[in-house]
Amino acid sequence: EYKGKYLKLISSHHVMNNNGYYVGWADFSVIIPLDNPLDFRLHFHGMKSQNLNTRYLIREYMEQTLYYSIEKMLEGINNAK
């Protein structure tokens, strides 16, 4: 969703436990400010998603993955200019 000064992305992450079995979906949104995309915010929606985040520590992984992806996207845009 375009919200004027930021983008709001809504998705889900299929969470796996330490044995590689899927344990559920974690619903989340990412708020990306257009003036500084690397200063995004990650929000987990609902108690189930928050519990999966707490139990399986997915926030750090997702934030690192999002940061890297946005950084590479911005590099591609800057190189295309």
Under the side chain to side chain contact (heavy atoms under 4.5 Å, CB included) test, which residues partner L74, sequence neighbours left out?
-> P37, L38, I70
For R41, what residues pass the side chain to side chain contact (heavy atoms under 4.5 Å, CB included) criterion, not counting sequence neighbours?
-> I31, H43
Indicate yes or no: at least one non-hydrogen side-chain atom of K5 is less than 4.5 angstrom from one of P33.
-> no
hydrophobic_cluster_shared for M62 and Y6, side chain cutoff 4.5 Å = no
If Ile, Leu, Val, Met, Phe, Trp and Tyr residues are connected whenever their side-chain heavy atoms lie under 4.5 Å apart, and connections chain through other members, are L42 and M47 in the same group?
-> no
Show the atom names and distances, to 0.1 Å, of all donor-acceptor pairs under 3.5 Å that link a side chain in residues 8-25 to residues at least two apart or in another chain.
from, atom 1, to, atom 2, distance (Å)
S12, OG, D27, OD1, 2.5
N17, OD1, N19, N, 2.9
N17, OD1, G20, N, 3.1
N17, OD1, Y21, N, 3.0

Side chain to side chain donor-acceptor pair (under 3.5 Å) with K72: which residues, sequence neighbours excluded?
-> E75
Side chain to side chain, Y61 and Y56, heavy atoms closer than 4.5 Å | no
Not counting sequence neighbours, list each pair that qualifies as a salt bridge (charged side-chain N to carboxylate O under 4.0 Å, His left out) and has a residue in residues 50-70.
-> R59-E63
Minimum-distance pair of heavy atoms, taken over all atoms of A26 and L52 | N-CD1, 4.1 Å
To the nearest 0.5 Å, what is the distance between CZ (F28) and CG (N53)?
-> 11.5 Å
So, does Y2 use its side chain to make a donor-acceptor pair with the main chain of G4 at under 3.5 Å?
-> yes
Other ILVMFWY residues reachable from L57 by side-chain steps of under 4.5 Å | none
